Amino acid sequence: MKKINVNFKHLFYKYRHAWVFLYALIYMPWFCWLEKTVTTNYYVIHSVFDDYIPFCEYFIVPYLLWFPYIAVVLLYFFFTDKKGFYRATKLLFTGMTIFLIISTVFPNGLNLRPVTFEGDNIFISMVRVLYKTDTPTNVLPSLHVYNSIGVSIAIASSQKLRQYKWVQYSSLSLTTLIVLSTMFLKQHSIIDVVAAFVMAYLLYRLVYEPETEKSPKLARQTI
């Protein structure tokens, strides 16, 4: 029993940064409330460029890969790089909070989804399920886009992962496909996508750039 207690204390101390996941207790109730309350009276997001983007059901694959993509990257940093984990979650959760605030004070939604589908296949069936479970509201900025960029930044900023070019290229490729999927599935307007890029850039400068600027100075110091 004593050995079990010692091991438990060791694991608790080693992974004490798990407290960060408590953010879900703030995000999920707030987001669910928005999904239930923002249903009819909202500002419709639309750009003329959206009309030139065709619907393509095959993009449901990268769209759904977003979920394991975010989870796997965060768990990797959680278990291997505590500092990287803190920076990644700070970037993601700050953006997610800004998204919640925007959706609360500026209710928004889309009217881009196709009413009918040409043909029928497994991918269209998956899109139908997505449309039933995910409302076309609370879309600005796109969290699918923002969080994909966020974990891509975390991977690109990791000194260890920089050694593996295939990881960098895979991350960039998947992020690109996820970004495109939000528009080709008519889940987001190009406005939502641009807003996500802008927010990611601004928050990147706050979270990651200060560390980047310190590194050269530290490297020049004599020991």
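All values derive from a computational prediction rather than experimental measurement. Counting begins at 1 with the first residue of the sequence.
- In I122, the CD1 atom is not crowded: 12 or fewer heavy atoms of neighbouring residues, nucleotides or ligands sit closer than 6.0 Å.
- Under a 3.5 Å cut-off, the side chain of N147 and the backbone N or O of G150 do not form any donor-acceptor pair.
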Working for side-chain contact (heavy atoms from CB on, under 4.5 Å), residues L161 and Y76: CA-CA 11 Å; L161 293 180; Y76 168 80; 3.6 Å; yes
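- At a threshold of 4.5 Å between non-hydrogen side-chain atoms, the residues F117 and F55 count as touching.
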Test side chain to side chain donor-acceptor pair (under 3.5 Å) applied to T104 and W33, step by step: CA-CA 10 Å; T104 301; W33 176 78; over 6 Å; no
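- With hydrogens and angles left out, the side-chain atoms of D51 and H46 include a donor and acceptor closer than 3.5 Å.
- Note: the hydrophobic cluster containing F79 does not contain V72 (ILVMFWY, side chain heavy atoms under 4.5 Å, direct or indirect links).
- Sequence neighbours left out, the pairs with a member in residues 106-127 that pass salt bridge (Lys or Arg N to Asp or Glu O under 4.0 Å) are D120-R128.
- Under the 30°/60° scheme for interplanar angles, the aromatic rings of F31 and Y27 are found to lie parallel.
- Rounding to the nearest 0.5 angstrom, the gap separating the CE atom in M199 from the CD1 atom in I98 is 5.5 Å.
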CA sep, side-chain torsions, deciding dist, call: D134, Y131, side-chain contact (heavy atoms from CB on, under 4.5 Å): CA-CA 5 Å; D134 187 20; Y131 284 1; over 6 Å; no
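- Between Y146 and F99, the distance separating the two ring centers is not shorter than 6.0 angstrom.
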Step-by-step side-chain contact (heavy atoms from CB on, under 4.5 Å) determination, W30 to I101: CA-CA 10 Å; W30 194 345; I101 294 172; 3.9 Å; yes
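- Without hydrogens or angle criteria, T133 side chain to V129 main chain gives a donor-acceptor distance under 3.5 Å.
- Y42 and F106 have their aromatic ring centers separated by at least 6.0 angstrom.
- Criterion: ILVMFWY side-chain heavy atoms under 4.5 Å apart, direct or through other members. Under it, F93 and F67 are part of a common hydrophobic cluster.
- The two residues S171 and I155 come nearest to each other via the heavy atoms OG-CD1, 3.5 Å.
- Nearest heavy-atom pair, I45 versus L110, reported as atom, atom and distance to 0.1 Å: O-CD2, 3.4 Å.
- Taking the six-membered ring wherever Trp is involved, the centroid distance between the rings of F78 and F21 falls below 6.0 Å.
- Here the straight-line distance linking atom CG of L112 with atom CD1 of I190 works out to 11.5 Å at 0.5 Å rounding.
- Y169 and L65 end up in different hydrophobic clusters when Ile, Leu, Val, Met, Phe, Trp and Tyr side chains are linked at under 4.5 Å.
- The side-chain hydrogen bond (donor to acceptor under 3.5 Å, both in side chains) pairs that include a residue from residues 88-102 are Y23-T97, where partners are two or more places apart or lie in different chains.
- Note: Q159 CD to K83 NZ = 8.5 Å, rounded to the nearest 0.5 Å.
- The ring of F59 has its center no closer than 6.0 angstrom to the ring center of Y63.
- Annotation for S103 and L34: closest pair CB-CD1, 3.7 Å, computed over non-hydrogen atoms.
- Residues L143 and M96 meet the side-chain proximity criterion, which asks for heavy atoms closer than 4.5 Å.
- What you find for F197 and V145 is that their closest heavy atoms are CE1-CG1, 3.9 Å.
- Sorted by first then second residue, the side-chain hydrogen bond (donor to acceptor under 3.5 Å, both in side chains) pairs that include residues 175-186, not counting sequence neighbours, are Y69-T175.
- Residue S158 holds its OG atom at 14.5 Å from CZ of F85, rounded to the nearest 0.5 Å.
- Residue S189 forms a side chain to side chain donor-acceptor pair (under 3.5 Å) with just one option from N111, N108, D50, and that option is D50.
- A donor-acceptor pair under 3.5 Å is absent between the side-chain atoms of R87 and the main chain of A154, judged by distance alone.
- Summarising the geometry, atom CD belonging to Q163 is positioned 10.5 Å from atom CD belonging to Q168; distances are rounded to the nearest 0.5 Å.
- P107 and V38 make their closest contact through CB-CG1, 4.0 Å (heavy atoms, listed as atom of the first residue, atom of the second, distance).
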side-chain contact (heavy atoms from CB on, under 4.5 Å) assessment of L92 paired with L74: CA-CA 10 Å; L92 297 186; L74 286 184; 3.9 Å; yes
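- Going from atom CG of L172 over to atom OG of S148 covers 11.5 Å, rounded to the nearest 0.5 Å.
- Nearest approach of L140 to I102, heavy atoms of both residues: O-CG2, 3.5 Å.
- Residues W19 and L75 fall within the same hydrophobic cluster, defined by Ile, Leu, Val, Met, Phe, Trp and Tyr side chains chained together at heavy-atom separations under 4.5 Å.
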